[in-house]
Amino acid sequence: MTEYEDGEARGTLLVIDGHSLAFRAFFALPVESFSTAQGKPTNAVWGFASMLSQVINAERPDHLAIAFDVKGGTFRNTMLPQYKGTRDAAPQDLLDQLPLIQRMLDALGVTYIEKPGYEGDDIIGTLATMGEQARYRTLVLSGDRDAFQLVDDWVTVLYPGYHFKDLKHMTPDEVFAKYHVMPAQYPDLAALRGETADNIPGVPGVGDGYAAKWIGKYGSLEALIEHADDIGGKKGEALRANLDQVRLNRKVNALVRDVDLGVTVEDLTFGQVDVDKLDALFDELEFGARTKNRVLKTFNNEETAKTQAAQPQQDENIVLPNGQRAHDVKELRDWASAHLPAPVRRPDVGELPSGNDEATSGIDHSARCSEAIEHSWVLNACGNAKPGRVSTSSVTLLCAGEALVLQAPLDEDLRDALGGIIDAHASGMVVHGYKEQLHLFSALGLALPYPLFDTELAGYLAQPDFHAESLEQAASHFLDIHADQDEPATQGMLDLGADGDVDSDPDAGKLKHAAIIAALARFLAPKLDMCEQFGLLQTLELPVSRVLQKMEAQGAKVDTQRLKDMRDGFAADARQAQEIAWQWAGREVNLQSPKQLSEVLFEDMGLKPTKRTKKGAYTTNADALQTLYMRSVNDERANGFLGALLRHRETNKLKQIVGTLIETINPFDGRIHTTFEQTVAATGRLSSADPNLQNIPNRNAVGREIRSAFIPGEGYESLVSCDYSQVELRIMAHLSGDEALIEAFRSGVDFHRYVASLVHQVPVDQITADQRTHVKAMSYGLAYGLSSYGLAQQLKINPGEAEALKQKYFSTFGKVRDFLESCVSEARRRGYTETMFGRRRYFPALHSTNRSAREAAERAALNAPIQGSAADIMKVAMIRASRALQEAGLKSRIILQIHDELVVEVVPGEAQQVTELVRNAMETAVRLDVPLDVSTGIGADWQLAAH
DNA sequence: AGGGCGACGTA
DNA sequence: CGTACGTCGCCCTC
């Protein structure tokens, strides 16, 4: 199906599996919330309309058809009686809505097709075939994986993810990346594996992996069956025992592609909405004006069509490159020598100063990149970069409007040639997301040198408060503002809005991405120069990306069984607490519903609420419950209920945390591979996601136990944990230059006790526990802009006392107050704050007329240099520690960073050396006026490594 | 399904 | 009426 000459597509045809969409809508939306006053369910209709609108808005097809199954069996049922046994049991409530959906489609002027004796899938197969033969870019929306067999350069399957709107564009690369077979071989694979959803058994014990391996080896299912006797082991036996089933599966899952539908693609236009009909239907279903307008906006009419056509052109400054593919080393080399700029020798980026430099001298703030960007080129690999399950589908190179695409898998020669070219031209290389690219290239077996520029990191450094979720989002944020400044409009403009391919080129998406990266680089390089952030990019962020990529790839080994036991234990405790709470409440309230809880507490039990949430409801947070609990000593019922509720809150939260961890364990290596987000936190900190390993409980013994499930993996012996003591306070002492505070750190006495003795003017050994606690809270609160009101609340003292403490504190540490005030006033004057390393954060809200917004900005501006400097210091430490481990030839690896803590997985015999080396890297990351103390610990698990 | 919100875990 | 995050579950949508 791929033997087409080059040429423009005539348009886009969208083919939809109507039943699968209706099913999805029906089960996604609760009937209770979507029915008419008489109780007639409308959830499937509403959901269908909503999802259909979404797809149309995202893909903007000009032709559309929707396929439905029809009652009565097909040839498949005759062959396989249990066929779709699970699906045919559609609830009556859903079946009743199908005619309504079809009425809606009629009103919308959308063609729907059903054909007795055939399934919707066959109609889809036929329409897809018709679409590509008529030279339409054809999109098939289907939740049925059998549709993957239709995929080729002209046909893309839109496969809904967990959230419907995450439609995966299944192109030949994507299918290959996921299943390691070509789309045409997919039915062979599916026949071996079976399809639980459709009640079709495959070969027991054979999943996608084995099926792909066999098909890869023999070329096809047919060939495999011929050689079935050659396959050894249990899997081979299972295969031979199920040959009939597999053959049958293969017959059944082949889509018919030549049903006589009596229409042509040209007939499948849409957009002639019969508004009266639609009104009547929606009134009957009691849909509101908002729904109607949304649907009308999508389907009607010339007016909206015009604005859509006009809009994207306006803010375009991206030209689609000339793309070609390389299939062998020669093509690659020829393209590279013709198009890539001559390699320039450039000192390696990421060289951190060694030894005892001044705090910030490691960063060259005068480094500039605008000029180099003029001669740069873009490298961008596509695929799945999730640590632990990385797969790479293609690599794109782009320079000056000329692009080259390489399809994975690359054979060894091609891979090595690519690696050589990248290394030689690294000095001019631009990427978007170096860490992600490192993952993708490592899956190809290539190490990626430091690039000249990273548009994702650059965007973050230029505007740390803006976080782009995607390349497209970054592009529309950074680029459309300056629409008319760059290139003149030419043909081959790209539509930023739609994610889809442009016209006929199956590589258009990749070319577009590369072109966007090039444009972003051109836009961001001067910005970065202007705000002096390029040095930070080169010296800090890019090297940190490399460290983080290794940490993510390594992952953290966990004791799965132990986690499961913990989850069960917490679950049992939570259940027990729930039982007790229910007894006191006299009804089965959902303890996880603040709404239901406040009914019980404040209505049934008549308790007096404490505070409100920002939306006005009475809060049921831990603080409030604690207060109510104390107050209710004479109310047995309330006291009993609250006690149980508090226990439930705690154990249920722990159950939930452990459950989330278990779900993210990678089955292949029993490890948890988090993703460290480097461009999310506006202060310069990292964050951890999917799962978040930076918020594993640590404050009380029960929760802390979870840390004991984090253990060294095979070949490792222990975990070493190193953390900074009071970094933020030390930074505050250093930056403020307050002699008293500096002396407090140099004295070597217990810091908080020492500070308390100064504040209260009492000898160190006479400080009470309360005094120490209060002063400690004050110290930490300072860096957050804590008010005396807040301090009072936290310490449960009256505001007068809190204010007095604050006054005493500041009279002792006057320069600290001056420093904090200067942070804010400087930010107000310059518009931004700066960390010790020159990282900036902008605070426009400091000039807001809205008082609470302004004050919030003041607190954030006061905190940013402190939190941000701490983050920078840790980044330097990570780079140094990682390098030191490597240079010492050690096999131990950093696996986690929790803001001020590093966790290292240690190989037998290296513990001593690793500890000293990491400690040294952390302590000497910068030189401050106070010592940077690091405390370390070692143990057989994370909890035991604590100190 | 998808968005908002409350609640709560960490530094 | 303390900064910076991520995740879960509930609730609403008509």
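Order of the sequence lines sets the chain letters (A, B, ...), proteins ahead of strands, with each chain counted from 1.
- Salt-bridge annotation for A:R840 and A:E826: absent, with no side-chain N of the basic residue lying under 4.0 Å from a carboxylate O of the acidic one.
- Salt-bridge formation is detected for the pair A:R828/A:E858: a Lys NZ or Arg NE/NH1/NH2 atom is positioned less than 4.0 Å from an Asp or Glu carboxylate oxygen.
- Between the CD atom of A:Q897 and the P atom of B:dT10 there is a distance of 17 Å, rounded to whole Å.
- In this structure, the nucleotide among B:dA11, C:dA4, C:dC5 sitting nearest to the side chain of A:T683 is C:dA4.
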Given salt bridge (Lys or Arg N to Asp or Glu O under 4.0 Å), test A:E728 with A:R685 step by step and report yes or no. CA-CA 13 Å; A:E728 298 200 354; A:R685 269 192 177 180; 3.7 Å; yes
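- Residues A:H752 and A:Y780 place their aromatic rings such that the two centres sit under 6.0 Å apart.
- In terms of phosphate contacts, A:K165 brings a side-chain nitrogen or oxygen within less than 4.0 Å of OP1 or OP2 of B:dG3.
- Judged by distance alone with a 3.5 Å cut-off, a donor-acceptor contact links the side chain of A:N695 to the base of B:dG9.
- Ring-plane geometry between A:W46 and A:F287 is classed as perpendicular, the angle between the planes exceeding 60 degrees on a 0 to 90 degree scale with a lower cut at 30.
- We find that CG of A:L896 is positioned 15 Å from P of B:dT10, with the value rounded to whole Å.
- Within the structure, every side-chain polar atom (N or O) of A:S852 is placed at least 4.0 Å from both OP1 and OP2 of C:dC1.
- The phosphate of C:dG6 (OP1 or OP2) has a side-chain N or O of A:S687 nearer than 4.0 angstrom.
- Atom pair A:L686:CG and C:dG6:C1' shows a separation of 14 Å (rounding to whole Å applied).
- Out of B:dA11, B:dA1, B:dG2, the shortest distance to the side chain of A:A28 is found at B:dA1.
- When rounded to the nearest whole Å, the span between CD of A:Q678 and C1' of C:dC5 equals 15 Å.
- Residue A:H163 places at least one side-chain N or O closer than 4.0 Å to OP1 or OP2 of B:dG2.
- Side-chain proximity of A:T660 to the nucleotides B:dT10, C:dC8, B:dA1 is greatest for C:dC8.
- In this structure, A:F813 has its ring center closer than 6.0 angstrom to the ring center of A:Y809.
- A sub-4.0 Å separation between OP1 or OP2 of B:dA1 and a side-chain N or O of A:S50 is absent.
- When rounded to the nearest whole Å, the span between CD1 of A:I657 and P of C:dC8 equals 10 Å.
- Counting atom types as modelled, A:R699 pairs a side-chain N or O with a base atom of B:dA11 as donor and acceptor under 3.5 Å.
- With distances taken from any side-chain atom of A:E677 to the nucleotides C:dG6, C:dA4, B:dT10, the minimum falls on C:dG6.
- The side chain of A:R859 approaches C:dT3 more closely than any other nucleotide in the set C:dT3, B:dG6, C:dC5.
- A:R851 has no side-chain polar atom (N or O) that falls below the 4.0 Å cut-off from OP1 or OP2 of C:dC1.
- If you check every strand for non-hydrogen atoms under 4.0 Å, A:A622 touches sugar and phosphate atoms only.
- Taking side-chain N and O atoms only, A:R24 has a distance below 4.0 Å to OP1 or OP2 of B:dA1.
- Backbone-only contact: A:A682 has heavy atoms under 4.0 Å from sugar-phosphate atoms and none from a base.
- Ranking C:dC5, B:dC8, C:dT3 by closeness to the A:Y784 side chain, first place goes to C:dT3.
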Letter by letter from the 5' end, nucleotides 9-14 of chain C scores (B base, S sugar-phosphate only, - none; protein heavy atoms under 4.0 Å) SSSSBB
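- We find that A:D573 and A:R647 are not joined by a salt bridge, their nearest charged nitrogen and carboxylate oxygen being 4.0 Å or further apart.
- A:K615 comes within 4.0 angstrom of the backbone, heavy atoms only, and of no base.
- No contact: A:G47 has no heavy atom under 4.0 Å from any strand.
- Within 6.0 Å of CZ on A:R587 lie more than 12 heavy atoms contributed by other residues, nucleotides or ligands.
- Dashed line: the shortest gap from a side-chain N or O of A:R649 to OP1 or OP2 of B:dC8 is under 4.0 Å.
- The distance from atom CG of A:N863 to atom P of C:dC5 is 10 Å, rounded to the nearest whole Å.
- Between A:Q54 and B:dG2 there is a side-chain N or O to OP1 or OP2 distance below 4.0 Å.
- A:L693 places its CG atom 13 Å from the P atom of B:dA11, with the value rounded to the nearest Å.
- Under the 6.0 Å cut-off for aromatic ring centres, A:F745 and A:F751 qualify, their centroids lying closer than that.
- Taking atom NZ of residue A:K614 and atom P of nucleotide B:dG4, one finds them 11 Å apart after rounding to whole Å.
- Between A:Y618 and A:L601, every side-chain heavy-atom pair lies at or beyond the 4.5 Å cut-off.
- For the pair A:R841 and C:dA4, the criterion of a side-chain N or O lying under 4.0 Å from OP1 or OP2 is met.
- Here, B:dC5 and C:dC1 have their P atoms 16 Å apart, quoted to the whole Å.
- Contact check, A:T613 against B:dC5: no side-chain N or O comes under 4.0 Å of OP1 or OP2.
- Within 4.0 Å (heavy atoms only), A:L791 reaches no atom of the nucleic acid at all.
- Across all strands, A:F164 comes closer than 4.0 Å only to sugar-phosphate atoms, never to a base (heavy-atom distances).
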